[in-house]
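Working notes, beginning with the structure itself.
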Amino acid sequence: GAQVALSVTLLAGAALLITSFIRLSQQNIGFRSQNLWTGAVTLPTSQYPDPPSRQRFVEQTLHELRSVPDLESATISGDIPLVGFSRYLYARGDRDIPPVEDRAIAPGHEIAPGYFKTWGVPLLAGREFNEHDTADGHKVCLISQTGAKELYPGENPIGKSLLLNLVQWEIVGIVGDVRSVRVAEAPGMEFYRPWAQHNFPLVNITVRSNLKVDAVAKLVQSALAKVNAGLAIAAPQTMDAVVAQAVGQARLMMWLLGIF
């Protein structure tokens with residue numbers, strides 16, 4: 001009787017976990033991970049001490065990457081989905097601003113032009129960033145679809161202001177939801193800012209290509225060497241591998257229960 005009870009418990013647990021894992025693996029993560037390669041570069045502060053110098057690096061690197069025929073598209077960002085992100089306090093800027101302790105918090109991303117095309121994230125309303133969104137230009141941002149519905153229910157957020165920490169940013173576009181924190185976590189408010197207006201020494205290069213990982217890594221490293229031969233790509237990998245790693249714990253538990 002005890003053996004039957006344990007067996008039934010394990011079978012029930014395995015069945016539930018398998019169902020949960022299948023549901024998890026079928027979630028729409030908001031971007032196209034197939035044929036997407038990414039690698040990180042740390043910019044030395046001695047050579048790139050401020051945002052303008054880091055912006056020049058990005059412009060030069062993207063120019064070199066986009067001149068490579070075998071790379072379909074390329075972009076640069078401060079982070080990538082499912083691997084590291086920054087959270088910021090935010091609030092509507094067109095109403096009475098709540099005290100800091102009452103403000104919500106959401107992931108924020110600093111991106112270069114071509115980000116949404118490379119990642120396959122749709123632009124749903126408004127516009128993307130362009131060459132006019134410079135460091136000394138009007139501060140603009142884009143927000144996620146769910147964020148727009150939560151913060152501006154029944155309203156058009158385009159043209160309204162969003163307070164991020166202590167700075168006002170004008171919302172110029174709405175993009176599709178991305179599960180950038182965890183695959184199992186439902187999308188919420190997220191915002192994107194131009195790399196030219198807010199950036200850090202950590203750079204993530206992302207390219208879309210049909211080539212194998214090693215071949216893409218060599219092409220990207222070669223393009224990077226033309227900008228700065230002293231820099232190297234760290235942690236080159238495909239986004240398929242990143243997504244697989246993000247659901248790895250659930251997969252492991254499913255196999256363990258199934259084996260038992």
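Any value given below was found using the heavy atoms of this structure, including those in side chains, with hydrogens, waters and symmetry copies removed.
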For [X] and [Y], work out which heavy atoms get closest and say how close.
X    : Y    : value
P113 : L62  : O-CD1, 4.3 Å
I233 : W37  : CG2-CH2, 3.8 Å
T42  : L231 : O-CD2, 3.8 Å
D177 : Q145 : OD1-N, 3.3 Å
E170 : G159 : OE2-CA, 3.7 Å
W195 : S77  : CZ3-C, 3.9 Å

Is a donor on one side and an acceptor on the other found under 3.5 Å between the side chain of [X] and the backbone of [Y]?
X    : Y    : result
T146 : G188 : no
S53  : D50  : yes
T238 : T38  : no
R103 : P98  : yes
Q55  : Q197 : no

Output all residues satisfying salt bridge (charged side-chain N to carboxylate O under 4.0 Å, His left out) with R56, sequence neighbours left out; order by chain, then residue number. none

When you look at NE2 of H63, are more than 12 heavy atoms from neighbouring residues, nucleotides or ligands closer to it than 6.0 Å? no

Got a sec: does the NZ of K139 have more than 12 other heavy atoms crowding it under 6.0 Å? yes

Give, for atom [atom1] of [X] and atom [atom2] of [Y], the distance between the pair rounded to the nearest 0.5 Å.
X    : Y    : atom1 : atom2 : result
E110 : I76  : CD    : CD1   : 13.5 Å
Q245 : D240 : CD    : CG    : 13.0 Å
I105 : L89  : CD1   : CG    : 5.5 Å
K149 : I143 : NZ    : CD1   : 11.5 Å
Q34  : N210 : CD    : CG    : 11.5 Å
E64  : R66  : CD    : CZ    : 12.0 Å

Would you please say whether a donor-acceptor pair under 3.5 Å links the side chains of [X] and [Y]?
X   : Y    : value
T75 : T118 : no
Y48 : N228 : yes
N35 : R208 : no

Output a table of donor-acceptor pairs, distance under 3.5 Å, between side-chain atoms of residues 78-87 and any protein atom two or more places apart or on a different chain; print 'none' if there are none.
| from | atom 1 | to | atom 2 | distance (Å) |
| --- | --- | --- | --- | --- |
| D79 | OD1 | H109 | ND1 | 3.2 |
| D79 | OD2 | H109 | ND1 | 2.9 |

Pair Y88 + F191: ring centers closer than 6.0 Å: yes

Taking NZ, NE, NH1 and NH2 as the nitrogens, is one of them in [X] or [Y] under 4.0 Å from a carboxylate oxygen of the other?
X    : Y    : result
R92  : D94  : yes
E155 : K160 : yes
K218 : D70  : no

Are [X] and [Y] linked, directly or through other ILVMFWY residues, by side chains that come within less than 4.5 angstrom of each other?
X    : Y    : result
L65  : V216 : yes
L202 : F57  : no
V41  : L36  : no
V242 : L211 : no
F200 : V167 : yes

How far apart are the C-alpha atoms of Y192 and F116, what are their side-chain angles, what is the distance that settles it, and do they pass the ring-ring contact (aromatic ring centres under 6.0 Å, His included) test? CA-CA 11 Å; Y192 303 83; F116 298 110; 5.2 Å; yes

Given side chains that start at C-beta, do those of M189 and L162 come closer than 4.5 Å, heavy atoms only? yes

Does I174 reach the side chain of L142, with side-chain heavy atoms less than 4.5 Å apart? no

Checking side-chain contact (heavy atoms from CB on, under 4.5 Å) for the pair L6/V4: CA distance, chi angles, key distance, verdict? CA-CA 6 Å; L6 286 173; V4 170; over 6 Å; no

Given L151 and Y90, is the side-chain contact (heavy atoms from CB on, under 4.5 Å) satisfied, shown in steps? CA-CA 10 Å; L151 197 60; Y90 72 93; 4.1 Å; yes

Give the ring-plane orientation class for W119 versus F31, where under 30° counts as parallel, over 60° as perpendicular and anything between as tilted. perpendicular

Positive for side-chain contact (heavy atoms from CB on, under 4.5 Å) with C141, one of I171, D133, V172: I171

Do I205 and V220 pass the side-chain contact (heavy atoms from CB on, under 4.5 Å) test, and can you show the C-alpha distance, the side-chain angles, and the key distance before you say yes or no? CA-CA 9 Å; I205 299 175; V220 174; 4.1 Å; yes

Test: ring-ring contact (aromatic ring centres under 6.0 Å, His included). Region: residues 146-183. Which pairs qualify, not counting sequence neighbours? none

Test log, rule side-chain contact (heavy atoms from CB on, under 4.5 Å), inputs Q168 and I97: CA-CA 11 Å; Q168 297 274 6; I97 299 174; 4.2 Å; yes

